[in-house]
Amino acid sequence: MLSLLYQEGPSTEGIFRRSGSAKTCKELKEKLDSGAEVDLACESIFVTASLFKDFLRNIPGSILSSQLCDKWVSVMDQGNNEEKIKSIQRLIEQLPRANVVLLRYIFGVLHGIEMRSEENQMNAFNLAICIAPSLLWPPVSSTPDIESEFTKKISSLVQFLTENCCRIFGEEITTLFGEI
C-alpha cells in the first residue's frame, strides 16, 4: 500500500482527501482480512489511500500511542522548532519499534506528496487534516468541542512532522522506497 501511495500519491490531486468507492473498500478489506491475495495496483489509488487510513485507524491504541496522547498534544505548545523536534524524537523513542518503522514510511510518503503539492494540491496542512485523525485519538471519548480542539492540535503536530520529517527521522526518509 505504502509503495503504491509513494509512487502514485505525488501525482494524484487530492490524495487522502478523496475517498475510494465504499463498496470496493469494504470488499478489499474483507479480502485482506481473510489473507487473500489482493492486487491493489489494479484499483484506484483513492481506494488504496482509503484502505490505508482504515488500517491506521484500526491499530490498537493508535500508531502514536494513546498512552502518550497528552504529551503529543503538548508538543506544539513548546518553544522553538528545535525544542519541538527534540520532544518529538523523545516521544518516538517511547513507541514500539514496529510503530516507529511504519511512521518513517508514512512520513516518507507524506514528504514525497508534499514535495509535489503544486501538482497534487496536498501541502503539509492539507495532508495533516486528512491523516491526523488516523494517527492519534484520545484514549477516552469526550465532548464534540474537546474533540474538535484535539483534532486541530493533532493536525498541527502532523503538519509539523511532515514539514520537518527529514530532521526528525533523518534524511534517509526520502529514499526508504529506493528508486521506484
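Reckoned from all heavy atoms, side chains included, excluding hydrogens, waters and symmetry mates.
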**Item:** Nearest-0.5 Å distance that lies between atom NZ in Lys84 and atom CG in Leu161
**Value:** 11.5 Å
**Asked** Are Glu83 and Ser87 linked by a side-chain donor-acceptor pair shorter than 3.5 Å?
**Response** no
**Asked** At their closest point, which heavy atom of Cys25 faces which heavy atom of Ser50, and how far apart are they?
**Response** SG-CB, 3.6 Å
**Complete:** All heavy atoms of Ile15 vs all of Gly9, minimum pair found to be CG2-O, 3.6 Å
**Asked** Is the backbone of Ile113 close enough, under 3.5 Å, to the side chain of Asn120 for a donor and an acceptor to pair up by distance?
**Response** yes
**Request:** Please check if the side chain of Lys53 supplies one atom and the backbone of Phe16 the other of a donor-acceptor pair under 3.5 Å.
**Result:** yes
**Residue pair Leu91 / Leu68: nearest heavy atoms and the distance that separates them** = O-CD1, 4.0 Å
**Request:** Check whether any side-chain N or O of Ser117 sits under 3.5 Å from a backbone N or O of Glu114 as a donor-acceptor pair, and report yes or no.
**Result:** yes
**Message:** Between the side chains of Glu27 and Lys31, is the shortest nitrogen-to-carboxylate-oxygen separation below 4.0 Å, so that they form an ion pair?
**Reply:** no
**Prompt:** So do Arg104 and Glu172 actually touch side chain to side chain, heavy atoms under 4.5 Å?
**Reply:** yes
**Request:** Let me see the working for Ser74 and Gln78 under side-chain hydrogen bond (donor to acceptor under 3.5 Å, both in side chains), right down to the final yes or no.
**Result:** CA-CA 7 Å; Ser74 68; Gln78 296 182 12; 4.6 Å; no
**Item:** Single-linkage hydrophobic cluster, 4.5 Å side-chain cutoff, Val101 and Leu136 together
**Value:** yes
**Prompt:** Just by distance, do the side chain of Ser21 and the backbone of Thr24 share a donor-acceptor pair under 3.5 Å?
**Reply:** yes
**Request:** Dump the intermediate steps for side-chain contact (heavy atoms from CB on, under 4.5 Å) on His111 and Leu176, then the final yes or no.
**Result:** CA-CA 11 Å; His111 174 75; Leu176 288 174; over 6 Å; no
**Request:** Using modelled atom types only, decide if a donor and an acceptor are shared between the side chain of Thr162 and the backbone of Val158 within a distance under 3.5 Å.
**Result:** yes
**Asked** Which word best sums up how the rings of Tyr6 and Phe177 line up, parallel for under 30°, tilted for 30 to 60°, or perpendicular for over 60°?
**Response** parallel
**Message:** Set out, in order, the CA-CA distance, both residues' side-chain angles and the distance that settles side-chain contact (heavy atoms from CB on, under 4.5 Å) for Thr12 and Met122, then state yes or no.
**Reply:** CA-CA 9 Å; Thr12 304; Met122 295 300 287; over 6 Å; no
**Message:** Less than 4.5 Å apart, side chain to side chain, heavy atoms only: is that true for Asp77 and Lys153?
**Reply:** yes
**Ser155 side chain vs Thr151 backbone, donor-acceptor pair below 3.5 Å** = yes
**Request:** Is it possible for you to check whether Arg18 lies under 6.0 Å from the centre of the six-membered ring of Phe46, through NZ or CZ, and within 45° of that ring's axis?
**Result:** yes
**Item:** Interatomic spacing from CG in Leu56 to CH2 in Trp137 - rounded to 0.5 Å
**Value:** 7.5 Å
**Prompt:** Are Leu127 and Phe125 joined in one hydrophobic group, where the rule is that I, L, V, M, F, W and Y side chains link up if heavy atoms are under 4.5 Å apart?
**Reply:** no
**Request:** Flag yes if Leu4 and Leu2 sit in one hydrophobic cluster, no otherwise; membership is Ile, Leu, Val, Met, Phe, Trp, Tyr, and two members link when side-chain heavy atoms are under 4.5 Å apart.
**Result:** yes
**Asked** Does CG in Asp70 sit with more than 12 non-hydrogen atoms of other residues, nucleotides or ligands closer than 6.0 Å?
**Response** no
**Message:** Just verifying a value: how many Å separate Ile88 CD1 and Ile168 CD1, rounded to the nearest 0.5 Å?
**Reply:** 4.0 Å
**Asked** In this structure, are over 12 heavy atoms from other groups packed under 6.0 Å from Glu30 atom CD?
**Response** yes
**Message:** Are Val109 and Ile59 connected into the same hydrophobic cluster when the rule is that any two of I, L, V, M, F, W, Y join if their side-chain heavy atoms are below 4.5 Å apart?
**Reply:** yes
**Prompt:** Does CZ in Phe150 sit with more than 12 non-hydrogen atoms of other residues, nucleotides or ligands closer than 6.0 Å?
**Reply:** yes
**Prompt:** What's the spacing between Leu135 CG and Leu157 CG if we round to 0.5 Å?
**Reply:** 9.0 Å
**From CA spacing to verdict: side-chain contact (heavy atoms from CB on, under 4.5 Å), Phe55, Leu102** = CA-CA 12 Å; Phe55 165 78; Leu102 182 55; 3.8 Å; yes
**Message:** I'd like to know if Leu64 and Ile129 are part of one continuous hydrophobic network [Ile/Leu/Val/Met/Phe/Trp/Tyr, side-chain heavy atoms within less than 4.5 Å].
**Reply:** no
**Asked** Is the number of heavy atoms from other residues, nucleotides or ligands under 6.0 Å of Gln89 CD greater than 12?
**Response** yes
**Asked** Can you tell if the side chain of Pro10 reaches within under 4.5 Å of the side chain of Glu119, non-hydrogen atoms only?
**Response** no
**Asked** Would Gln94 and Gln67 satisfy side-chain contact (heavy atoms from CB on, under 4.5 Å), going step by step from the backbone distance to the final call?
**Response** CA-CA 10 Å; Gln94 296 177 52; Gln67 292 178 332; over 6 Å; no
**Fill in**
dist Asn123:CG -> Glu163:CD (nearest 0.5 Å) comes out at 8.0 Å
**Message:** With rounding to the nearest 0.5 angstrom, report the CZ to SG distance, Phe160 to Cys165.
**Reply:** 11.0 Å
